[in-house]
2 protein chains.
Amino acid sequence: MSQHRHPGAPGRAGAVPVLPDLPEATVARLPEYLRALHNLADAGHETVSSEGLSAAAGVNSAKLRKDLSHLGSYGTRGVGYDVALLIEQIEYVLGLTQRRAVALVGVGNLGHALAGYDGFASRGFRIAALLDADPSRVGEEINGLVVRHVDELPAVAAEESIAIGVIATPAGAAQRVADQLVAVGVTSILNFAPCVLSVPEGVDVRKVDLAIELQILSFHEHRKASLTALPATGGSALTALPGGLAATDTQEAIGT
Amino acid sequence: MSQHRHPGAPGRAGAVPVLPDLPEATVARLPEYLRALHNLADAGHETVSSEGLSAAAGVNSAKLRKDLSHLGSYGTRGVGYDVALLIEQIEYVLGLTQRRAVALVGVGNLGHALAGYDGFASRGFRIAALLDADPSRVGEEINGLVVRHVDELPAVAAEESIAIGVIATPAGAAQRVADQLVAVGVTSILNFAPCVLSVPEGVDVRKVDLAIELQILSFHEHRKASLTALPATGGSALTALPGGLAATDTQEAIGT
DNA sequence: AGGCGCTTGTGAAGACGTGCACAAATCGCG
DNA sequence: CGCGATTTGTGCACGTCTTCACAAGCGCCT
Ligand SMILES: NC(=O)c1ccc[n+]([C@@H]2O[C@H](COP(=O)([O-])OP(=O)(O)OC[C@H]3O[C@@H](n4cnc5c(N)ncnc54)[C@H](O)[C@@H]3O)[C@@H](O)[C@H]2O)c1
Ligand SMILES: NC(=O)c1ccc[n+]([C@@H]2O[C@H](COP(=O)([O-])OP(=O)(O)OC[C@H]3O[C@@H](n4cnc5c(N)ncnc54)[C@H](O)[C@@H]3O)[C@@H](O)[C@H]2O)c1
């Protein structure tokens, strides 16, 4: 029951007026598939099976097939997926056919690393502006971009449409920066500061918190330790803990 | 309905020999609660209601209560939770009562930022070693730590027990580094390189990929754009008078 | 002492995500 | 031209997560 559409011009051609309503979990995996596909393409593969791609992306193959089916995919039974076509499809769905402009606010310790990161450019984004509140940082040039004062945000937004704002300021300043970003029309924010941002409806915020990741790992470390410390209770279920332990978010080993 | 335990000695004293088997989703939120609780404690609050804490952590209050109930919490009906006690509880469960040693491998662009990050120390961790493969980086001193060669990893692990390994190398080197970490007994890895790591069972891997976060935001940006392009509501972002609830009604647009 | 208002802890229901297992579709080959 | 090998797409059952709604418990006030 899926519509047939032409691969060649997914964006503008006949239709695809509305994006398929993908499950959030699927959306979160598509970038992973995309990266794996690019690797495969670089390695010269023209097609790939769900089994092969799922292994490269570290997920279950049925899950991958279901994910791809959501976007009305173009697999060929008995053959697999056309790598180049699938890349085009996923990039279209993710909105990567246009190179989106990113404004980075807070050019400190972390901000410098982000500004110099080439993974931005190679994955569909372009740092359009570097902003900071510290006068001594304003004017500094990084990677061909000059750091501007954060109060120039409206001017920056007027020059070019900012798709995403990245916050790399201390936590205390993050909410104010978020407000400023929202005020100039930014509706997507990536926040590195360890705090909760409150934003109006319709604005998406994603958060990256290093300490949280470490603490989650610490929990599992703690639990592993407390398990191995247990005396060998001649009982039953306690010992193996086969599948139940595997955290959904973490990878597990597979034989490649 | 749970047993009463004395506030003074959580977990340590009588029992809690095995950690409660927490849902993974709960584990992922505990660090957020912990951060909010520290903020509240700094602000002088002695108790907090589930409503207040959930607001500070940005979650639903029922969810928070259920999360806390999983670890046999110590709320008082009609009053709320004792902030200091809850901090102690969560830190115990997360295994933060000991300051865990972190080895950071790859002291490049990103690695420098991480090495200089004080959020490590303030949230229960201690950078125990900086490692890199580039001879020209070995010997450099950052924040009082000297960068050592990655081949010294066994020696480093022998000096002190490494709880967590952080990989901040290029993707091409990440698998080899992971293997080296596993070889010296590390069972928890935080990976910043954009690639899938394969590790033996029992080793936890968490991944942080900036580009994936941006691409997820890009998807929502794309979808928002394709929605606002259709209906009559040409509204600009700032008119803060939406019709009430979010109403993710993506339906119907296909008709025309 | 007793009642009242507030807050926790949890049962239940539903939404969501996952993975198995298999029918349908396609290709290559004899 | 048909057959078998292969792989997709998906129905289904199961588990996990979320959220509502409310009884039970607690402290305070009268
Ligand atoms: N450094 C890391 O590795 C790391 C890791 C994870 C999270 N973080 C978080 O990222 C954020 C930045 O960390 P950092 O180490 O780069 O801190 P930093 O102090 O080195 O840099 C912060 C920068 O933000 C600027 N700033 C402050 N207020 C501002 C405002 N209102 N508008 C614009 N710019 C403003 C400062 O001038 C400074 O340049 C912090 O919230 C930190 O917790 C950092
Ligand atoms: N810079 C960022 O903001 C950023 C953001 C997200 C993800 N990442 C990822 O983090 C990783 C590091 O990024 P970067 O910008 O710091 O790169 P970088 O090239 O600046 O640093 C990489 C470092 O790793 C070292 N290294 C290489 N091979 C090694 C090995 N086998 N053992 C030990 N060390 C080794 C190199 O000597 C270098 O110092 C990359 O995978 C990148 O994709 C970076």
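The figures that follow rest on heavy atoms only: side chains count, while hydrogens, waters and symmetry mates do not. Here the structure is a predicted model, which is why all the values come from computation and not from measurement. Letters A, B, ... mirror the listed sequences (proteins, then strands); counts begin at 1.
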**Student:** Is the distance from OP1 or OP2 of C:dG17 to the nearest side-chain N or O of A:Asn60 less than 4.0 Å?
**Tutor:** no
**Student:** Hey, is the side chain of A:Arg29 poking within less than 4.0 Å of OP1 or OP2 on C:dT18, counting only N and O atoms?
**Tutor:** yes
**Student:** Tell me, do B:Leu30 and B:Tyr33 make a side-chain contact under 4.5 Å, heavy atoms counted?
**Tutor:** yes
**Student:** Check this for me, if you would: do A:Asp209 and B:Arg123 make a salt bridge, where the nitrogen-to-carboxylate-oxygen distance has to be below 4.0 angstrom?
**Tutor:** yes
**Student:** Does B:Tyr81 place a side-chain N or O at less than 4.0 Å from the phosphate oxygens OP1/OP2 of C:dG9?
**Tutor:** yes
**Student:** Starting from the C-alpha separation in whole Å, work towards a yes-or-no answer on side chain to side chain donor-acceptor pair (under 3.5 Å) for B:Glu91 and B:Thr97.
**Tutor:** CA-CA 6 Å; B:Glu91 288 188 342; B:Thr97 48; over 6 Å; no
**Student:** Need one value for B:Ala25: base, sugar-phosphate or nothing, where a base atom within 4.0 Å counts as base even if backbone is also close, heavy atoms only.
**Tutor:** sugar-phosphate
**Student:** Got a list of protein N/O to nucleotides 11-15 of chain D N/O distances below 3.5 Å?
**Tutor:**
residue	atom	partner	partner atom	Å
D:dG11	O6	A:Lys66	NZ	3.0
D:dC12	N4	A:Lys66	NZ	3.3

**Student:** Please give the stem ranges for DNA chain C, sorted by first residue number, where a stem is three or more consecutive Watson-Crick or G-U pairs and both donor-acceptor distances are under 3.5 Å.
**Tutor:** C:1-30 with D:1-30
**Student:** Look at the side-chain N and O atoms of B:Ser50 and state whether any lies under 4.0 Å from the OP1 or OP2 oxygen of C:dT7.
**Tutor:** no
**Student:** CG of B:Leu64 versus P of C:dG9: gap in Å, rounded?
**Tutor:** 10 Å
**Student:** Does A:Arg77 get its side chain close enough to the base of D:dT7, under 3.5 Å, for a donor-acceptor pair?
**Tutor:** no
**Student:** Between A:Glu24 and A:Arg29, is there a side-chain N and carboxylate O pair less than 4.0 Å apart?
**Tutor:** no
